[in-house]
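I'd like to ask you about the structure that follows.
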Amino acid sequence: MTATPATGTNAARGAGNAFVRSRGFEVAARAGFVARGAIYGIIGVLAFKLAIGDGGKATDQQGAFHTIAHQPFGQLLLTLVAIGLGGYAVWRLFRAALGHGPEGSDKGFDRIAAAGSGIVYAILCYVAVKILTGSGSSSSGNASKTTGGVLGWPGGVWIIGIAGVVMVGVGLYQGYRGITQSFLRDSKTEEMSPAVRRWIGRIGTVGYLARMVVFGLVGAFLVKAAVDYNPSAAVGLDGALAKLVHGPYGSYLLGIVAAGLIAFAFYSVSDARYRRI
């Protein structure tokens, strides 16, 4: 009997669902939340120290990797972070391909968001591996260099402008998730005590609002770079934090956002326990 394309697709989907239900896959995905928490925690702590004048700095994910690498047992720690990020990326990409597995199917928007997140964290895993192998460099100025290169493409202004609008939209969506606490729908709230649920809801709200501010700033400056045809106007995560500290009441604003990023780090760690995989 000849297998039909539909039969092959169903078999592949069945194999994929079996894989995502495996214990090893779940452990790898949950390790990714711990890795994500470590990265946001380092970024938040360094930004908070900068806000209070204690020698911190505005940095991004790549800067966080370098910070980890320079700690005692840094190579081992960064290796664990890279493995966690890889597991998180694979989980998000499988969720994009298959939906939410045993909990039911995701909507199209959820799958697109999962695919985008999976790609981003796969890139971060790659960057961490490059640093481990000694070929990673400082992230300073990367946003401007990348933007400058894209602006030179045919239609580059539109590409950068649309990317900026998308980033603003991502920021607004982060704010929506924080205010409505819709992120709790992804968690095993039935396994939480009332006190734990309130605590996770609060730190999650603060964390998502901080991400709204940072992503919104990155998007706004991308739009500005496109409108002004000025790649130096573009900023990454580190640049967005630096913009805060150099603005009116900058230290206070940066301190609030940094505290929010630290809260998101704690929320990410709680996801390692309660997130539906």
Side-chain angles (χ1 to χ4, degrees), residues 24 27-92 117-118 120-143 145 200 203-204 206-208 210-211 213-215 218 235-245 251 254-275:
V27 170
R30 295 195 185 283
F33 288 109
V34 177
R36 185 181 73 174
I39 293 168
Y40 272 96
I42 291 170
I43 294 171
V45 168
L46 291 176
F48 191 80
K49 291 179 70 175
L50 175 63
I52 64 175
D54 191 29
K57 61 180 180 179
T59 192
D60 59 2
Q61 292 93 336
Q62 188 168 337
F65 295 153
H66 282 287
T67 300
I68 293 172
H70 288 100
Q71 302 307 307
F73 306 105
Q75 294 293 303
L76 174 61
L77 293 174
L78 187 56
T79 299
L80 294 175
V81 168
I83 292 171
L85 292 173
Y88 186 90
V90 171
W91 169 61
R92 294 296 281 168
S117 175
V120 168
Y121 280 91
I123 293 171
L124 289 177
C125 177
Y126 170 72
V127 172
V129 171
K130 284 188 65 177
I131 292 173
L132 280 168
T133 59
S135 57
S137 60
S138 172
S139 60
S140 178
N142 275 355
K145 293 175 184 176
I200 291 177
I203 62 172
V206 173
Y208 273 103
R211 277 161 56 100
V213 173
V214 173
F215 291 165
V218 171
V235 299
L237 175 55
D238 52 346
L241 295 172
K243 293 289 184 183
L244 281 175
V245 76
S251 295
L254 180 61
I256 292 170
V257 172
L261 295 177
I262 295 170
F264 189 79
F266 282 109
Y267 166 74
S268 294
V269 174
S270 76
D271 257 352
R273 164 63 178 86
Y274 291 109
R275 184 65 174 257

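Quick caveat, the model's predicted, so the values are computed rather than measured.
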- One should read off an interatomic distance between D238 CG and K57 NZ, to the nearest 0.5 angstrom, of 9.5 Å

- So which heavy atom on A242 is nearest to which on A58, and how close?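 Where A242 meets A58 most closely, the heavy atoms are N-CB, 3.9 Å.
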
- What distance separates T79 OG1 from I68 CD1, expressed to the nearest 0.5 Å? 10.5 Å

- So, for G118 and A89, which heavy atoms are closest and what is the spacing to 0.1 Å?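 Heavy atoms of G118 and A89 come nearest at O-CB, 3.5 Å.
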
- Query: Listed by chain and number, what are the side-chain contact (heavy atoms from CB on, under 4.5 Å) partners of I203, not counting sequence neighbours?
  - Reply: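 Scan of I203 (side-chain contact (heavy atoms from CB on, under 4.5 Å), adjacent residues dropped) gives W199, A263, F266, Y267.
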
- Message: Are there over 12 heavy-atom neighbours, none belonging to F215, within less than 6.0 Å of that residue's CZ?
- Response: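 Yes, because the 6.0 Å sphere around CZ of F215 holds more than 12 heavy atoms from other groups.
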
- Output the distance between atom CD1 (I131) and atom NE2 (H70), rounded to the nearest 0.5 Å.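 So the CD1 of I131 and the NE2 of H70 are separated by 9.5 Å.
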
- Query: Who are the side-chain contact (heavy atoms from CB on, under 4.5 Å) partners of A51, not counting sequence neighbours?
  - Reply: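 For A51 the side-chain contact (heavy atoms from CB on, under 4.5 Å) partners, ignoring immediate neighbours, are L254.
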
- Task: Evaluate the side-chain proximity of V81 to L77: yes if any heavy-atom separation is below 4.5 Å, no if none is.
- Result: no

- Task: Kindly write out the residues that satisfy side chain to side chain donor-acceptor pair (under 3.5 Å) with S117, not counting sequence neighbours, or none if the list is empty.
- Result: R92

- Closest contact, heavy atoms only, F33 versus S268: CB-O, 3.3 Å

- Below 4.5 Å, heavy atoms only, C-beta onward: do L241 and I43 meet side chain to side chain?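 Result yes, sub-4.5 Å side-chain heavy-atom pair found.
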
- Query: Looking at residues at least two apart in the chain, or sitting in another chain, which of them share a side-chain contact (heavy atoms from CB on, under 4.5 Å) with L124?
  - Reply: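 Q61, F65, L85, V120, Y121.
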
- Which pair of non-hydrogen atoms, one from V218 and one from L237, has the smallest distance, and what is that distance? CG2-N, 4.2 Å

- Message: Per the salt bridge (charged side-chain N to carboxylate O under 4.0 Å, His left out) rule, what does the pair list look like for residues 27-44, sequence neighbours excluded?
- Response: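 Qualifying pairs, neighbours excluded: E26-R30, R36-D271.
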
- Message: Measuring from atom CZ of R275 to atom CH2 of W91, what distance do you get when rounded to the nearest 0.5 angstrom?
- Response: 4.0 Å

- What closest approach, in Å, do A265 and G41 show between heavy atoms, and which atom pair accounts for it?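 Shortest heavy-atom separation between A265 and G41 comes out as CB-N, 3.4 Å.
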
- side chain to side chain donor-acceptor pair (under 3.5 Å) pairs touching residues 37-48, sequence neighbours excluded, are Y40-R211

- Query: CG of L261 to CD1 of I39: how many Å apart, nearest 0.5 Å?
  - Reply: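 If I round to the nearest 0.5 Å, the distance is 12.5 Å.
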
- Item | Between CG on residue L80 and CD on residue Q75, distance to nearest 0.5 Å |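 So the gap between those two atoms works out to 11.5 Å.
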
